Amino acid sequence: MERLRDAEDVAARKGPAATLEALYRAEYTGMVRLAFTLIGNAAESEEVVQESFVDISIRLDDPDTTVREPGAYLRTIVVGRCRSLIRRRRMMQQHPPEPPADLPTSAESLWDVLHQLPEHQRIAVVLKYYGGYRASEIAKITEQPAATVRSQLRRALTMMRKELTP
Amino acid sequence: MSRFDDDLDRDIGVIAERVTPSPDAWKAIQQRIADREPEQETEIIMLTENTLTRRRWPLVAAAAAIAALAIGAIALVNRDDTTEQPADVPEPTPTVAPGPNPAPVPDSGADRGALPREGSAVEPGRYSADMLGVPVAFDVPGVTSGPWSVDLKNQAAFTIRTERGFVGMTRIGSFYDTAQAQNREMSGLGSIPPNGIDAWIDANVIVVDDADDVTVDGRDAQFRLVRTPAGSGAELCPADAQPCILMGSGSADLLEFNRAPAAALGGATPNAFWLIDMDDFEPLGIWVLAFDGDTDSWLDEIAPLIDSIELGEPAPAVEGGTARISTFAGAADADVAAGGEAVASGTVSFTDFRETPNDAGSLDVRYFGAFSGDMRGSVSADGFRLPDGTGASRSGATIDFRGEIEGLGVGGLTIEEANYDDDLSISVSVIVGGTDDLAGASGWGFWGPDPQDERYELHLSVPAEAPAPVETETVRLESAFELALTSEPEGTPGERQLVGSTTFAGEFTGEAPTFEEDPREADGITQAYSRREVTGSAEGVGAGTLTIEGPWRHDADGNYVGMARILSGTDDFEGASGFVRFDSDDAGRTGTATIQLVLPTG
């Protein structure tokens, strides 16, 4: 909250460039890690997030547009780009990415299960457990009804519990 | 959070931290922006250098220091050094951005034991409850809307609530459908259809905003987000939840005291509802409502509770068993001294009150409610209301109370109540039976001191050993009575004494010496408690003496009602119990006496 407010304050006082910079400091690392958890590839994660920053910079520079919550807007863009990437992979029938070599066993199991989940469910789970967002916040980020997000979470967690619980 | 949640939280963090952002990311972003819109390059660089001085950096220094080491950037600087460090490489903070409103973390480590009794504060932690035979454990999370408290519904359900909303649990075996509720038919409890909740929903005016098949602690459950639109006709609900659908356990062996609906589902605000399959037993229902209408965020807040639920195996019902309904209220496990006396009072909250015309030209009356106070529990009543054609009416009911009497324990009471309703209702009652810890209870009660209060006061005593049950037969006798005063001496100031005798004529014929005092007058109401020895004969029974005692009240207009419990009898009335009801419209000088005489058989 503080970081988001910081970016908004900057936007109010300093203009779009300073807003973008504050946003970068507040969000970049987290967004890359969020994207990595979703798509499983470090290089693509940085690509997704950097392109998202480009997207938001254009919006910030547009005098006819007001970005009220740049942090929230950035998250929506990043998640949307990740979703597109996951879909593209699925359409191309690509194999899920391999987990990093040094993951603990339980995290490696989670990696496998995460990448079996449909894209919406995977996004909901990652936003909830890595991002710490509530269903209503995930709904805003993913631009879906909160009830839909809850359904996605329930379905995902049911499947994950089945797969991960000995 | 559950262990599963904890593991998930940990492992997903481990995965995320396997990636380290490039130290050149900021430059890369600027380059991408420049590639797309080259004309903005100068502006961005200038703004960065000129407006964001190094003095801002210490604001994020603690976090940035870690990142600086990780990515090799020179970020943490001397506050006075504003010249030598490149200003166009800001440091990203090394952690993921948390949600704008991170979920409060429950003190899940605290095992709080049984859910406390009604009205108690509920601290965050883990609680257990016996939900009508199903052992339930769950975490109560800390929430932003203030402290939780416990609220009971007919002793058959509980809710825990804050100022924002509540979470309720009960067994669900029956629903009123909308039409039945509208027609105010108590017989309208319908079982959950064989094909499940959806058939019930289809049969009612219910809007489903979300539906899902889920699991709760490994058990199959149906989740529905439902609301009942205005005008759908279900009107028998709390004012803040109209219209609604009523539901509750329909199992007589679980709810031997009544079949009152314990839960109200509906209203324009969406209700989250889980129906959890308990195999061959009634399902467990959980329903959630946000008072402010923001169901989504309320569900987020209470999600740790739902996620943490653990369900035990349902215990078989105990036919005629003890009041285990109260065990979730932290009431039944207390050591209670056998027997004793108590004056208990409770404030009733009616969940339902119905009057239905009957073939006899009067009204059948049924109501349900719950007491809170030092008499806590459910109340249900079957009775009548008989208008007398003058605007006044009299009514009576057999009240079943089920719950706890402070200091005496948990059990059931059967109370005979008489009302004389005018503009100002007056009411008296006597206890004619008890069960469990309250076995053999006797005493009396009344609403008041203002009869239109929702506060009920009960004076009772319980023997140390419950009397052995005997087989009985009941004889109902109607008589007229007349009080003849031989003197009316003044008592102490504010009191009046009546000395004389009362005669009975009709199906019971007899006479009773009478000495009464009017010890209190409030708002025109006179109230007393008296004991009499009535000697006479009853048609078809024989002759003897009945010892009766109980309260009576009359208002300033002379409307009078009295109840007396039959304590004992002699001769042909040996072993008698029951009660006598007195009705009068001249302050008890003349009227009718209705005797419910219960005699042992054999």
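Quantities reported herein were computed from a predicted structural model and do not represent experimental measurements.
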Peer 1: Suppose a student defines contact as a heavy atom less than 4.5 Å from any heavy atom of chain B. Which residues in residues 115-124 of chain A would they list?
Peer 2: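 Residues in range: none.
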Peer 1: Between V126(A) and chain B, which part of the residue has a heavy atom less than 4.5 Å away: side chain, backbone, both or neither?
Peer 2: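 The answer is both parts of V126(A).
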Peer 1: Can you tell me which portion of L164(A) sits under 4.5 Å from chain B's heavy atoms? Options are side chain, backbone, both or neither.
Peer 2: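 Contact with chain B involves the side chain of L164(A) alone.
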Peer 1: For F36(A) and A16(B), work out which heavy atoms get closest and say how close.
Peer 2: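 Heavy atoms of F36(A) and A16(B) come nearest at CD2-O, 4.2 Å.
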Peer 1: If you count every heavy atom of other residues, nucleotides or ligands that lies below 6.0 Å from E163(B) atom CD, does the total exceed 12?
Peer 2: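 Atom CD in E163(B) is not crowded, with 12 or fewer foreign heavy atoms closer than 6.0 Å.
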Peer 1: Of all residues at least two apart in sequence or in a different chain, which pass the side-chain hydrogen bond (donor to acceptor under 3.5 Å, both in side chains) check with E51(A)?
Peer 2: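 E51(A) satisfies side-chain hydrogen bond (donor to acceptor under 3.5 Å, both in side chains) with R32(B), R36(B) once adjacent residues are dropped.
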Peer 1: Please determine, among A42(A), A135(A), A139(A), the option with the most heavy-atom pairs under 4.5 Å with chain B.
Peer 2: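 With the most close heavy-atom pairs to chain B, the winner is A135(A).
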Peer 1: With sequence neighbours left out, what residues match T215(B) under side-chain hydrogen bond (donor to acceptor under 3.5 Å, both in side chains)?
Peer 2: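 Listed in chain order: nothing, the list is empty.
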Peer 1: Do you know which of D55(A), L103(A), V32(A), T165(A) has the most heavy-atom pairs with chain B at a distance under 4.5 angstrom?
Peer 2: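 Of the candidates given, the most pairs with chain B belong to L103(A).
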Peer 1: Could you tell me if D9(B) and Y130(A) have a donor-acceptor pair between their side chains, going purely by distance under 3.5 Å?
Peer 2: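 Y130(A) vs D9(B): no donor-acceptor pair found between side chains.
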Peer 1: Could you pull out the closest heavy-atom pair between L110(A) and I12(B), with the gap in Å?
Peer 2: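 Heavy-atom minimum between the residues: CD2-N, 3.5 Å.
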Peer 1: Output the distance between atom OH (Y129(A)) and atom CG (D11(B)), rounded to the nearest 0.5 Å.
Peer 2: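 That separation rounds to 12.0 Å.
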Peer 1: Below 4.5 Å from any heavy atom of chain A, which atoms of L8(B) appear? Answer side chain, backbone, both or neither.
Peer 2: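 L8(B) touches chain A through backbone and side-chain heavy atoms alike.
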Peer 1: With rounding to the nearest 0.5 angstrom, report the CZ to OG1 distance, R33(A) to T20(B).
Peer 2: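 Going from CZ on R33(A) over to OG1 on T20(B), the span is 6.0 Å.
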Peer 1: If I compare all heavy atoms of E46(A) with all of A25(B), which pair ends up nearest, and what's the gap?
Peer 2: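 Smallest heavy-atom distance, with atoms named: OE1-CB, 4.0 Å.
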Peer 1: Let me confirm one number: the CH2-CD distance from W26(B) to E21(A), rounded to the nearest 0.5 Å.
Peer 2: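 So the gap between those two atoms works out to 5.0 Å.
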Peer 1: If you look only at pairs with a residue in residues 12-21 of chain B, which of them pass as a salt bridge (Lys or Arg N to Asp or Glu O under 4.0 Å), with sequence neighbours excluded?
Peer 2: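 Output for this query lists D102(A)-R18(B).
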Peer 1: Does the side-chain contact (heavy atoms from CB on, under 4.5 Å) test come out yes or no for F4(B) and L157(A), once each step is laid out?
Peer 2: CA-CA 10 Å; F4(B) 179 78; L157(A) 292 173; 4.1 Å; yes
Peer 1: Between chain A and each of L299(B), D294(B), T295(B), count heavy-atom pairs under 4.5 Å; write down the option with the most.
Peer 2: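 With the most close heavy-atom pairs to chain A, the winner is L299(B).
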Peer 1: Rounded to the nearest 0.5 Å, what's the gap from CD on Q50(A) to OG on S22(B)? Could you check?
Peer 2: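 Answer for the CD-OG pair, Q50(A) versus S22(B), is 6.5 Å.
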Peer 1: What is the minimum heavy-atom distance between S297(B) and S136(A), and which atoms define it?
Peer 2: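 Taking S297(B) first and S136(A) second, the nearest heavy atoms are CA-OG, 4.2 Å.
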Peer 1: Nearest 0.5 Å please: distance from the CG atom of D300(B) over to the CD1 atom of I138(A).
Peer 2: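 Rounded to the nearest 0.5 Å, the CG-CD1 separation comes out at 7.5 Å.
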Peer 1: Working to the nearest 0.5 Å, report the span between OG of S109(A) and CG of D7(B).
Peer 2: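 Separation between the atoms: 11.0 Å.
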Peer 1: Where on Q152(A) is there a heavy atom nearer than 4.5 Å to chain B: the side chain, the backbone, both, or neither?
Peer 2: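 Looking at Q152(A), nothing touches chain B.
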